[in-house]
J.: 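Structure provided below as structure tokens; questions to follow.
First listed ligand is number 1; within each ligand, the first listed atom is number 1.
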Amino acid sequence: MLHDPNRVYVFDTTLRDGEQVPGCQLTTPEKIEIARELERLGVDIIEAGFPVSSPGDFQSVVEISKAVSEPTVCALTRANKGDIDAAIEALKYAKRPRIHTGIGSSDQHIKHKFNSTREEILERAVEAVKYAKKSVEDIEFYAEDAGRADIVFLAQMVEAVIGAGATVVNIPDTNGYCLPDQYGSKIKFLKENVSNIDKAIISVHCHNDLGLATANSVAGLQNGARQIEGTINGIGERAGNTSIEEVVMILKTHQALGLYTNINSKNFYEMSRMISTQMRMPVQPNKAIVGSNAFAHSSGIHQDGFLKNRENYEIIRPEDVGFPSASIVLTARSGRHALKFHLERLGHTLDKDELYEVYQRFLTLADNKLDINDNDLQELVAYKLVKN
Ligand code: KIV
Ligand code: ZN
């Protein structure tokens, strides 16, 4: 299949890596509802679950396969026949099924998780891909802990699994270990040294243990990866996964990268709130793109600049991510310009002296009250009118 070299595929794992988070478990009907929203958002692949892990997860993969028609539906397995058989069975209603199989690639995992050798692991990886390929055409292989793997062995593994039929090769930074230039270099090395790399798409799957998941994913894309794996709100194991909304908006904001996705970014805010509610996981107010403060301007200097020209302090328009609107928050750090803006919004046009007077009383109030609302403003103005 021919791919547009500038198109980045978005692989959502909110329902698998995200759902592994303690307290975030979902019922099958909840997962179906989320999968339908992910389809509306425009994700290319939905990782629906890990079928062998429980009867409930198996059933969720079956039902999601029936519920969506556009995205590829993907099921996770380890590199063994039992897991792969369960995934094949669970995906039988999927219009576009994908099996995501894999095994550890770092010496740490090979020795201390599998008690094995590189040679044996390579054999198991190839066998798993060949076995899955007999039933499903689209096979993604993950080289777990690739972030810490020896690059020459990783390249050997990637070449072998592509030879066995893998259509996508996932290079996970499972432990969120890499620096962006290290991770980017890994992808570059694979692009340049794996002889059959043009037969597969390279996927980036980064964890956020050092807060670098988004930066690493973008570094991977800059070096030739064309699929990004992540979750809504960045939820996932430990410190989480790459946040899809961040990567998508980075590509939109930095058009010079020449990369694009098919995501309807206007659905992000609603999607984020839905995931937060259903998974009982609050979104931190300062979260990029979807946090409640992401478009709130509160210091006097910023408010003044924003009111003169919003692009002074706004690199993304809130409406582009479905955010209700930018806000000018009134605090004791706000200036007269911001107060005037809000008073005019409420229908009060004051002259310079009146505004000065109301502003002095506003500052006294704001030093003692965290949240200045419209009622407070009405009272401040009413006081002025009564007094005059
Ligand atoms: O982080 C990881 O390595 C994973 C794999 C199962 C893809 O989630
Ligand atoms: Zn993961």
J.: Below 4.0 angstrom from a heavy atom of N170, which ligand 1 atoms are there? Numbered from 1 as shown, please.
T.: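 Listed by number with element, the hits are 7 (C).
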J.: Which class fits the ring pair Y359 and F362: parallel under 30°, tilted 30 to 60°, perpendicular over 60°?
T.: parallel
J.: In this structure, does ligand 1 have an atom that sits under 4.0 Å from one of the heavy atoms of E229?
T.: no
J.: If you take all heavy atoms of F295 and R317, which pair is closest and at what distance?
T.: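 F295 and R317 have their closest heavy atoms at CE2-C, 4.3 Å.
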J.: Please could you name the atoms of ligand 1 that H205 approaches to less than 4.0 Å, counting only its heavy atoms?
T.: 1 (O), 2 (C), 4 (C), 7 (C), 8 (O)
J.: In ligand 1, which numbered atoms sit nearer than 4.0 Å to a non-hydrogen atom of E144?
T.: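 Numbered from 1, ligand 1 contributes 3 (O).
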J.: Are any of the side-chain nitrogens in D44 or R96 under 4.0 Å away from the carboxylate oxygens of its partner?
T.: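 Salt bridge flag = no for R96 with D44.
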J.: Check whether any N, O or S atom of D17 sits under 2.8 Å from the Zn ion (ligand 2).
T.: yes
J.: In terms of relative ring orientation, are F306 and H297 parallel, tilted or perpendicular, with 30° and 60° separating the classes?
T.: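 Rings of F306 and H297: parallel, under 30°.
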J.: Please list, in number order, the atoms of ligand 1 under 4.0 Å from a heavy atom of D17.
T.: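 The list of qualifying atoms is 8 (O).
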J.: Determine whether M249 and K252 make a side-chain contact, defined as any pair of heavy atoms from C-beta on separated by less than 4.5 Å.
T.: yes
J.: Can you find an N or O of R16 that's nearer than 3.5 Å to an N or O of ligand 1?
T.: yes
J.: Of the options Q303, H342, H302, which is the one that meets S334 in a side-chain hydrogen bond (donor to acceptor under 3.5 Å, both in side chains)?
T.: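 By the side-chain hydrogen bond (donor to acceptor under 3.5 Å, both in side chains) criterion, S334 pairs with just one of Q303, H342, H302: Q303.
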J.: For R333, look at atom CZ and say whether over 12 heavy atoms of other residues, nucleotides or ligands are found less than 6.0 Å away.
T.: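 Open.
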J.: With heavy-atom distances below 4.0 Å as the criterion, list the atoms of ligand 1 near T174.
T.: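 Those of ligand 1 that fall under 4.0 Å from T174 are 1 (O), 2 (C), 3 (O).
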J.: In terms of atom number and element, which parts of ligand 1 are under 4.0 angstrom from non-hydrogen atoms of H207?
T.: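 Heavy-atom distances to H207 below 4.0 Å select 1 (O).
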